[in-house]
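Lettering follows sequence order; numbering is per chain, from 1.
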Amino acid sequence: MNLVFRLAWRNLWRHPRRTWLTTAAMMFSNTLLVFMISLQFGMYGLMIDNTLQAFTGHLQIQAPGYKDDQKIRQTVADIVPLAESLRAELPSVSIAARGTAFALVSSEERSYGIAVFGVEPAYEPDVSTIPGLVSEGRFLGDIDAPEIIIGAALARNLRAGLGDELTVLGSGRDGSFAAAVVDIVGIFDSGIADVDRSITEIPLGLFQDVFFMDGSGHQIVINAGSIDGVAELQSKVGSLLPAGQDLVVHDWDALQPGLKQAIKADMSSAFLMYGILVILVAFSVLNTQLMSVLERTHEFGIVMSLGLTPGRLGRLVLLETAIMGALGLVLGAVLGGLVTSWFSVNGFAYPGMEELASKFNLPARFFPQVSPLTLLVGPAVVFLFTLLAAVYPALRLHRLQPVEAMRAV
Amino acid sequence: MTAVRCVDLCKTYRQGEVDIKALDHVSIEIKEGGFVCLSAPSGGGKTTLLNAIGGLDKPDSGEVYIAGQRIDNLSKGELAELRLRQIGFVFQAFNLIPVLTARENVEFVMQVQGVPAGERQRLAHAILDEVGLAGLEDRRPADMSGGQQQRVAVARAIVSRPALVLADEPTANLDSKTADELMELFRELNDHHSTTFVIATHDKRVMGYAKRLVRMLDGRIVADIKQDAA
Ligand SMILES: Nc1ncnc2c1ncn2[C@@H]1O[C@H](COP(=O)(O)OP(=O)(O)O)[C@@H](O)[C@H]1O
Ligand SMILES: [Mg+2]
């Protein structure tokens, strides 16, 4: 072993308890960081997947411009055959076609302006959780049947129930008058008021008839299962689009810009907390290393008179800190990895939140995932700040005069 | 050749209202291979003079030359380099790095000097043998007597063959028998390697070993005697 390294190592263990306490502070915060970051990133993944799988999907094929200005004229032509051919090309992902229109939906007593989606009854359950959330009645069946499902909140607002008739009034693709009478066959309850108030679904065939779509629709929704590899899938889908038609493939970030913003906001509050933790650890290191430098004043005076420069002594102090930091990093990452792995097998319940979680269609137990990133990012930052904390004690050595230092006992 | 030349050194410390002349127009020349004792009662200016010669502290005025090179106007970094390569130091006590063994203490300075590892080991072994510490190379300072610790300090000071060794009361913490042994060692090294020694002391027994005895009082040189030492 290198002599300087040996010196640094032994210097650390002159005060074993102090060194262990400082290392333990690093280890503890590293363990906590590994667990929290694994949990946090796992949650984000779940949050994204759940949000997207509720209705939006990971990708959508649309006419250019439709996303920002949802005009009924901006269509995807021959949408059902196109969805069919994509399903054949991409058997591993779920694909369904939709049409969207805004219409006045009326019961006997009341009317509401609302979005009406035409969906493929056979495929919609693969790209949306709404069909599975039908709590009264059933989901849509035949693609041409005059049926509708509505959310529980809308049902209350309309004072309508299962089996009641609703009138749908709007304008068709060509601007002409569009009207239909449909039966309520199902009422869904997602627990999200906004969804339960504003989404209605009718079969796509009926939709195309009523709104004079001439075989077209507005979006093909693709559910990739998870956000991993969505970018490649996006370009793959892009290459499969028919040459004659002007179409675009939007990813989930373009479709749901609020999602990333929500995650970013959550991240910045979490990172503020982590930051405070890291700074506390840094101060404990600063304190330890200041003491350790101070109590060696006489010794430093001796070796400076032998010709060692303050810079060299400063590097020794930094090396000592780095060894201590590396110890905290390894121990913390290992312990954090073990703790997180245990939870990734046994799951982590949100205490008192099981009901809410089930309402939001989240699993009752959550399984944090350890990855090299979640394992190392926290401990690496702690290590960096540990070294930064030792810079001040190291620089203070430049003020040391050998003659004065040697007078210190 | 002149190993050390001091010209008209002055250094004044202020203690409260009083100015203390630690060095009061001191001039001295020491030949290469010399073995000089600086003797003075406590507070006489020995340490101040040694520190000025070794580049540890700057005089207020006057000039210091080591092997013909003027050093009192060098920068901190240049002085560190000078001490590292040309001057060996032995202090009163607690000279050693407590967590390193005798051998490692000797090797440490050589490592800083850039001596290759194999060479370092060979030299450290040889010098510890020469100062009479064969077999104790792997002991740490806490497991050695005061005399043994001072021998390690001496070994470290001379291992790179500096032209000049400065020792500030090296026997102050030793019993008289151990002090005698250390002084004999100094004389041997002086004879063998013709290293120049300047030893500050107020111990009469130590003075007996000097080839030249320089007496100081209140920062001035009051006597300069050539001796036929034991
Ligand atoms: N840093 C200092 N501050 C004030 N006075 C000092 C300082 N260093 C030395 N002195 C004074 O200078 C005089 C000479 O001191 P010193 O060279 O240490 O003498 P010696 O080594 O012979 O005992 C003494 O009176 C001492 O008190
Ligand atoms: Mg003194």
**Message:** Looking at Met110(B), I want to see if its CE is surrounded by more than 12 non-hydrogen atoms of other residues, nucleotides or ligands under 6.0 Å.
**Reply:** yes
**Under 4.5 Å from any heavy atom of chain B - which part of Val4(A)** = both
**Asked** Just wondering, more than 12 heavy atoms not from Tyr44(A) lying within 6.0 Å of its OH?
**Response** yes
**Prompt:** Counting heavy atoms not belonging to Phe385(A), are there more than 12 under 6.0 Å from its CZ?
**Reply:** no
**Request:** To the nearest 0.5 angstrom, please state how far the CZ atom of Phe108(B) sits from the CG atom of Leu7(A).
**Result:** 5.0 Å
**Asked** So what's closer than 4.5 Å to chain A heavy atoms on Phe91(B): side chain, backbone, both or neither?
**Response** side chain
**Asked** Which pairs count as salt bridge (charged side-chain N to carboxylate O under 4.0 Å, His left out) when at least one residue sits in residues 332-347 of chain A, sequence neighbours excluded?
**Response** none
Could you list each donor and acceptor atom pair linking chain A to chain B at less than 3.5 Å?
unit_1, atom_1, unit_2, atom_2, d
Arg6(A), NH1, Glu104(B), OE2, 2.6
Arg10(A), NH1, Val99(B), O, 2.8
Arg10(A), NH1, Glu104(B), OE1, 2.5
Arg10(A), NH2, Glu104(B), OE2, 3.0
His298(A), NE2, Phe94(B), O, 3.4
Met304(A), O, Arg83(B), NE, 3.4
Met304(A), O, Arg83(B), NH2, 2.9
Ser305(A), O, Arg83(B), NE, 3.0
His398(A), O, Lys76(B), NZ, 3.4

**Message:** I need the minimum non-hydrogen distance between Leu306(A) and Val109(B), along with the two atoms involved.
**Reply:** CD1-CG2, 3.7 Å
**Prompt:** Does any heavy atom of chain A fall under 4.5 Å from the side chain of Ala153(B), the backbone, both, or neither of them?
**Reply:** neither
